[in-house]
Amino acid sequence: MTDAPDTFDAAGSDAAPSDTAGLDETAIIARDLIRFDTTNYGEGRSNGETDAAEYVEARLRGLGLTPRMFESDPGRTSVVARVEGRNRSKPALVVHGHLDVVPADPRNWSVDPFGGVIRDGLLWGRGAVDMKNMDAMILTAVGDILGAGEQPERDLVLGFFADEEDGGRRGSHFLVDTQPELFAGATEAISEVGGYSIDLAGRRAYLLQTGEKSLVWIKLIARGRAAHGSRLIRDNAITKLAEAVVAIGRRDWPVQLTDTTTRLIAELARLLDVDPERVGPDEIVLRTGTAAGFILATLRATSNPTLLEAGYKHNVIPDTAEALVDIRTLPGDEDRVLAEVRELVGDDIEIETLHRDIGLEASFDGDLVDAITGTLERHDPGAPVLPYLLSGGTDNKALSRLGITGYGFAPLRLPSDLDFPGMFHGVDERVPLDALVFGRTVLRDLLRSY
């Protein structure tokens, strides 16, 4: 375990004073968190979140709160704290992020992915957008409120979870299963991958995440005959697996709109001055530029092979070959898509479901949605706010089991030429410093008033 940066030394324990000159505290905290390598490799393999959790816990204590740390497995640590609101008759709001990140191969990056590098007005590193930026925004927004001697309007449950990048089994799901009282009185939640700006033909708009697709992670297993690599073997496990992987990876799933995507397409068509009767949903989304990187996948199911494993020597035909496939379906469509996958791969391929979680969809109305759109209007007048369905998933899936309705709202005002969807799990992940300041301010004002 490495030493966490000093809570009260914004530069961090190993940083030179110039490292923080002129930096907003949100950037400092996000940078410090990036420097903890909390890589989650999946299937229970992880560097762990404990170092980052201890850093967050110390920050929360510095705000006068009483955070609690929970370890599901050694090194897999989550932090939760409750902030008392002015009006305790109102339901509590969960404001949460996760502390783990996906792997990053430094050979592909132009900076050290865990260096927390600041360059060209941006913070670079794994977690800069997914989602140590939001973790930092939560800490500074709440810190602004408490530091001014104020309280949020309602109780806040602040959660910093482990293991989100592996389905949350050792983080949010663990807490919902074992410590549900932490979320007592909460009916709504906000977290990642929403509230960011997109460019619509030169006009800025914001996407509010009101739902997310279902998650189904499967393993394909092909079995065959082990033999010398020079023999004529028809029953080759790798060949059978390759055929199954191609069938799944090439499947072009049809467009299937939900209430959320129907409304989004209609709003995009209006703002882009497009006739939706003549132009299909895919084409309308493509006109959103980089935003299409997220939105296109919300119009249909997706099935992406992500890992292959077979063999142990060049001249040996193995008897087993395996592949992992990441399937995301529209909410409630999991069984139908799995049945089609079964048909695609054929009877020779075994399918093992490793993890499955529900999809979510909330309506684009209500007091929280009104508060979010009103807050964004005050900080960026005239920019419309649109609902969208997230192609991935968040810890809101776990919280939904307690009847908590989750939204994605990590507000960022971004330059039009930044490929924000490409930053998620991508190379050279980075976020503008001024976007972090914007997010801190918007989030602070929302929590102060809602």
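Numbering starts at 1 and runs along the sequence shown.
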Could you measure the distance from the CD atom of Glu71 to the CD atom of Glu49? Nearest 0.5 Å is fine. 10.0 Å
Is it true that Phe294 and Phe424 have ring centroids separated by less than 6.0 Å? yes
Among Leu399, Leu389, Asn396, the one residue meeting side chain to side chain contact (heavy atoms under 4.5 Å, CB included) with Leu360: Asn396
Cation-pi check, Arg300 to Trp253: give yes when NZ or CZ is under 6.0 Å from the six-membered ring centre and within 45° of the ring axis, no otherwise. no
Does the distance from a Lys or Arg side-chain N to an Asp or Glu carboxylate O, for Arg251 and Glu340, drop under 4.0 Å? yes
Do the side chain of Asp51 and the main chain of Phe36 share a donor and acceptor less than 3.5 angstrom apart? no
For Tyr450 and Glu188, what are the C-alpha separation, side-chain angles and deciding distance, and is it a side-chain hydrogen bond (donor to acceptor under 3.5 Å, both in side chains)? CA-CA 12 Å; Tyr450 176 66; Glu188 295 171 316; 2.5 Å; yes
Can you find a pair of side-chain heavy atoms, one from Asp100 and one from Glu164, that are under 4.5 Å apart? yes
So, does Ser172 use its side chain to make a donor-acceptor pair with the main chain of Ala398 at under 3.5 Å? no
Decide yes or no for Val142 and Pro152: does some side-chain heavy atom of the first lie under 4.5 Å from some side-chain heavy atom of the second? no
Heavy atoms of other groups near Glu309 CD, more than 12 under 6.0 Å: no
Spatial distance of atom OG1 (Thr298) from atom CG (Leu207) [nearest 0.5 Å]: 9.5 Å
Mind running side-chain contact (heavy atoms from CB on, under 4.5 Å) on Tyr206 and Leu208 for me, showing each step along the way? CA-CA 6 Å; Tyr206 290 86; Leu208 173 61; over 6 Å; no
Heavy-atom closest contact (Val325 atom, Thr306 atom, distance): N-OG1, 4.3 Å
On a heavy-atom basis, the closest approach of Val431 and Ala128 is CG1-O, 3.5 Å
Distance check, rounded to the nearest 0.5 Å: Phe364 atom CZ versus Thr260 atom OG1? 10.0 Å
If we count only N and O atoms by modelled type, under 3.5 Å, do the side chains of Thr210 and Glu361 hold a donor and an acceptor together? no
Residue pair Val79 / Glu57, side-chain heavy-atom distance below 4.5 Å: yes
Check: Asp32/Tyr55 side-chain N/O donor and acceptor closer than 3.5 Å: yes
For Gly382, does its backbone N or O pair with a side-chain atom of Glu377 as donor and acceptor, under 3.5 Å? yes
Carboxylate-amine/guanidinium proximity below 4.0 Å for Arg430 and Asp428: no
Donor-acceptor pair, Asp155 side chain versus Gly85 backbone, under 3.5 Å? yes
What closest approach, in Å, do Pro331 and Ser214 show between heavy atoms, and which atom pair accounts for it? CA-OG, 3.6 Å
Pair Asp166 + Arg170: basic N to acidic O under 4.0 Å: yes
Asp273 atom CG, neighbour heavy-atom count above 12 within 6.0 Å: no
Is the side chain of Ser400 donor-acceptor paired with the backbone N or O of Ile404 at a distance under 3.5 Å, no angle test? no
Does the side chain of Ile34 reach to within under 4.5 Å of the side chain of Val101, using non-hydrogen atoms? no
How many angstroms lie between atom CG of Asp282 and atom CZ of Arg287, to the nearest 0.5 angstrom? 12.0 Å
Using only atom types and a distance under 3.5 Å, with no angle test, would you say the side chain of Thr261 pairs donor to acceptor with the backbone of Leu257? no
So for atom CZ, which belongs to Arg119, do other residues, nucleotides or ligands contribute more than 12 heavy atoms lying within a distance under 6.0 Å? yes
Among residues two or more places apart or on two chains, list those pairs meeting salt bridge (charged side-chain N to carboxylate O under 4.0 Å, His left out) that have a residue in residues 130-153. Arg86-Glu153, Lys90-Glu153, Asp144-Arg440, Asp144-Arg444, Glu150-Arg448
Value for CZ (Arg203) from OG (Ser197), rounded to nearest 0.5 Å, stands at 13.5 Å
Centre-to-centre under 6.0 Å for Phe70 and Phe174, is that the case here? no
Between Thr77 and Ala53, which heavy-atom pair has the shortest distance, and what is it? CG2-CB, 3.7 Å
Donor-acceptor under 3.5 Å (Arg59 side chain, Leu139 main chain): no
For a quick check under 3.5 Å, do Asp395 and His98 share a side-chain donor-acceptor pair by atom type? no
Keeping the roles fixed (side chain from Glu334, backbone from Thr329), state whether a donor-acceptor pair exists under 3.5 Å. no
Does any non-hydrogen side-chain atom of Ile28 lie less than 4.5 Å from one of Leu23? yes
Under a 3.5 Å cutoff, is there a donor and acceptor pairing between the side chains of Thr375 and Arg378? yes
For residues Asp365 and Ser363, report the shortest heavy-atom separation together with the two atoms involved. OD1-OG, 2.6 Å
Charged N to carboxylate O under 4.0 angstrom, Arg76 versus Asp163? yes
If you count the non-hydrogen atoms of other residues, nucleotides and ligands that lie under 6.0 Å from CD in Glu181, is the total more than 12? yes
Can you tell whether the side chains of Arg204 and Asp199 come within less than 4.0 Å, N to carboxylate O? no
Could you walk me through whether Val157 and Leu93 pass the side-chain contact (heavy atoms from CB on, under 4.5 Å) test, one step at a time? CA-CA 6 Å; Val157 180; Leu93 176 69; over 6 Å; no
Between Glu267 and Arg263, does any NZ, NE, NH1 or NH2 come within less than 4.0 Å of an OD or OE carboxylate oxygen? no
Electrostatic pair Asp177:Arg401 at N-O distance under 4.0 angstrom: yes
Derivation and outcome, side-chain contact (heavy atoms from CB on, under 4.5 Å), residues Val337 and Val216: CA-CA 10 Å; Val337 171; Val216 185; over 6 Å; no
State the NE2-OG distance between His173 and Ser72, to the nearest 0.5 angstrom. 12.5 Å
Ile198 and Phe420: side-chain contact (heavy atoms from CB on, under 4.5 Å), yes or no, with the steps? CA-CA 9 Å; Ile198 62 174; Phe420 189 63; over 6 Å; no
Looking at every non-hydrogen atom in both residues, tell me the closest pair between Ala244 and Leu220 and how far apart they are. CB-CD1, 4.3 Å
For His96 and Phe161, I'd like to know if the aromatic rings sit close, meaning centre-to-centre distance below 6.0 Å. yes
Kindly indicate whether the side chain of Gln209, heavy atoms from C-beta on, has any atom under 4.5 Å from the side chain of Ser191. no
So, Asp419 side chain and Gly422 main chain: donor-acceptor pair closer than 3.5 Å or not? yes
Would Arg356 and Asp335 count as a salt bridge (charged side-chain N to carboxylate O under 4.0 Å, His left out) if you check the C-alpha gap in whole Å, the side-chain angles of each, and the deciding distance to 0.1 Å? CA-CA 11 Å; Arg356 177 171 169 167; Asp335 289 338; 2.7 Å; yes
Determine whether a donor-acceptor pair (N or O, by modelled atom type, separation under 3.5 Å) exists between the side chain of Arg126 and the backbone of Val102. yes
Less than 4.5 Å apart, side chain to side chain, heavy atoms only: is that true for Thr353 and Trp217? no
